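So the structure is just underneath, and the comments pick up after that.
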There are 2 protein chains.
Amino acid sequence: MAATDTLPAPPEDFDQLRAAILERKASLPKRLTQVAAYALDNPDEIAFRTAASIAGAAKVQPSTLVRFAQQFGFEGFSSLQLLFRARLRQRTSSYDERLRLIEQDSPAVSESMGILNGFVNAGHRSLDTLSKAVDPDVFEQAVQLFAHAETIFLIAKRRSYPISSYMAYAFGKLRVKCIAVGTAAGIDDDVLALAGPRDAAFAVSFSPYASESAAQARAMAARGVPVVSLTDSAFSPLAECSKIWFEVVEADHAGFRSLSASMAFAMALTVSVAEKRRRDAGR
Amino acid sequence: MAATDTLPAPPEDFDQLRAAILERKASLPKRLTQVAAYALDNPDEIAFRTAASIAGAAKVQPSTLVRFAQQFGFEGFSSLQLLFRARLRQRTSSYDERLRLIEQDSPAVSESMGILNGFVNAGHRSLDTLSKAVDPDVFEQAVQLFAHAETIFLIAKRRSYPISSYMAYAFGKLRVKCIAVGTAAGIDDDVLALAGPRDAAFAVSFSPYASESAAQARAMAARGVPVVSLTDSAFSPLAECSKIWFEVVEADHAGFRSLSASMAFAMALTVSVAEKRRRDAGR
DNA sequence: TGACATATGGAATGAAAATTCCATATTGAC
DNA sequence: GTCAATATGGAATTTTCATTCCATATGTCA
């Protein structure tokens, strides 16, 4: 008996399981077929609900679910359920799958190339979440705000600094007055002191938040300068002192976070603002 | 007591809960704030995992999770968790649909949002070409070169400057000696004059090539400093004076080129070099 | 500084849910 | 039609997990 129900190979992901179910569906006993059909038709239910309630919905006994799972090499229903949950998570990014394919294709590639692929993958994943994370109306508000601002002050340190340096470059080319701080030491606060209510500030900071950035943003806000910020958590110190804020979470490879999403966001903001100004000027 | 912790209105969906958390986060005690931050930053984890493991990840006790839930009017953690699960279901069901909307540059969304999507797309396309464009062996050579270099000099201006400023930041964190030029005016050449054959330089420049970058790279090469470069054409002035060079073409939106591929490349190079050094030091 | 209120950690408890087990039913072979 | 093998239902068991409770710590106001 031990030979028949303890198959040596439990599927490792949902696709493998799905294939296995389809293959053996015809040769399964009645109740197990019922379970198979239910599982493939309602994978989300399997992921979330309890064995008892799933059993009720599929018109079988809880023990049948366990037997079903064991039939496919799992220890019990719970371990099968994990696959259904993993599927739900991965659904958001199909890029991991692509990465797996790449690695399978050429497993002999050097470690460095693996790192490169990892960052490419992280970039894709980050970009994927960006469009979903940004509320169109709020984005529009931010564009409006900057389009009508006299001078745009860019606040960013450390890891976020590339973002603001790109924006400073692009705004410069597009003839939008802007000043980036965080470049040299010391004088930042003096520069920021120039800002008034008719200007606007854009602050970027990701965890662990550079304390100066937060302090500077707060100071600006206190003086009536509208602050828009880009950060990675609603709990960022930037969020609380900003008139408008955006939450963008970058995916990472080996603990090093991508910058793709933030960069794309910065580009879009920059170009949108310039475009809006051009329009308004033309009227 | 019953009046304070049994708020009459438990939120009915995730958005309400989110709003409630944000509203009250400032007045919450320390551990509950911790939970709030974790919950909003990692909603998927809350949906799937068990109270104990979530508590572990958020560095609190399981009981704190329960208290947190009760604080917001739920009977216990489990009922709060239901909202997170419901959210995940709704999201996955509408995911494909939303993706389609984004991909067909739908005119329904605002112009600014169209621009954002354009840059997201450009980022994806750039990343797609990157892995294919980079020759693993050449990449490995570059990593070796920098791993054995004494000091790494980073040369980049204008649009490429964000790349080098990121690398300078990351190398700094990883304890790899490096110096970025192009930051302030004038002194660049003096700094570069410090470089010798045991150092190495990394130059980044895209069309239209900043003439100073090319000149600096050439000067370095002439003095025997090995130069690695990242550029967008085999005819780039950088290519001819570099020992190793990589050609990466960024996709663009409305004439504005993405930086995603170059960034990913820079990250991979940085991390690979640091990793190699760490290995070599360990021997 | 002391007293009170609130917050926190951690073990004890109790509930819920998965799994096992066994008696019974069904199927298929001879 | 009988026997054996397999499948099934349902109760019993065990495990897992959320919750509660209490002792201790931390902070607050007088």
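In what follows, every heavy atom counts, from backbone to side chain, and hydrogens, waters and symmetry copies are set aside. Numbered from 1 within each chain, the chains take letters A, B, ... in sequence-line order. As the structure is a prediction and not an experimental result, all values here were calculated from the model.
When rounded to the nearest whole Å, the span between CD of A:Glu75 and P of D:dT15 equals 12 Å. In this entry the distance linking CZ of A:Phe48 with C1' of C:dA18 reads 19 Å, nearest Å. Atoms CG (A:Leu28) and P (D:dT6) sit 15 Å apart, rounded to a whole Å. In this structure, the CZ atom of B:Phe68 is 17 Å from the P atom of D:dT20, given to the nearest Å. Here D:dA18 presents its P atom at 11 Å from CZ of B:Arg49, a figure rounded to the nearest Å. Counting to the nearest Å, the P atom of C:dT6 and the CD atom of B:Gln71 are 12 Å from each other. The nearest whole Å value for the distance from the CG atom in A:Leu32 to the C1' atom in D:dT8 is 10 Å. A:Gln70 places its CD atom 8 Å from the C1' atom of C:dT19, with the value rounded to the nearest Å.
Within 6.0 Å of the CZ atom in A:Arg223, the count of heavy atoms belonging to other residues, nucleotides or ligands exceeds 12.
Between A:Ile163 and A:Met263 there is a side-chain heavy-atom pair separated by less than 4.5 Å.
Below 30°, between 30° and 60°, or above 60°: for B:Phe14 and B:Phe84 the angle between ring planes is above 60°, a perpendicular geometry.
Across all non-hydrogen atoms, the minimal contact from A:Ala55 to A:Leu65 is N-CD1, 3.8 Å. Looking at every heavy atom in both residues, A:Arg49 comes nearest to A:Ile54 through O-CD1, 3.6 Å.
If you check C:dA18, D:dT8, D:dT19 against the side chain of A:Pro29, the one that comes closest is D:dT8.
Aromatic ring centres of A:Phe139 and A:Phe265 lie closer together than 6.0 Å.
Considering only side-chain N and O atoms, B:Thr50 lies nowhere under 4.0 angstrom from the phosphate OP1 or OP2 of D:dT16.
Map B:Lys30 and A:Ser79 each onto its nearest nucleotide of DNA chain C; the residue landing nearer the 5' end is B:Lys30.
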Taking only nitrogen or oxygen atoms into account, show me every contact under 3.5 Å that the protein makes with nucleotides 10-13 of chain C, one pair per line with its distance.
| from | atom 1 | to | atom 2 | distance (Å) |
| --- | --- | --- | --- | --- |
| C:dG10 | OP2 | B:Gln61 | NE2 | 2.7 |
| C:dG10 | O6 | B:Ser63 | OG | 3.1 |

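A donor atom on one side chain and an acceptor atom on the other are not found under 3.5 Å apart for A:Ser205 and A:Ser213.
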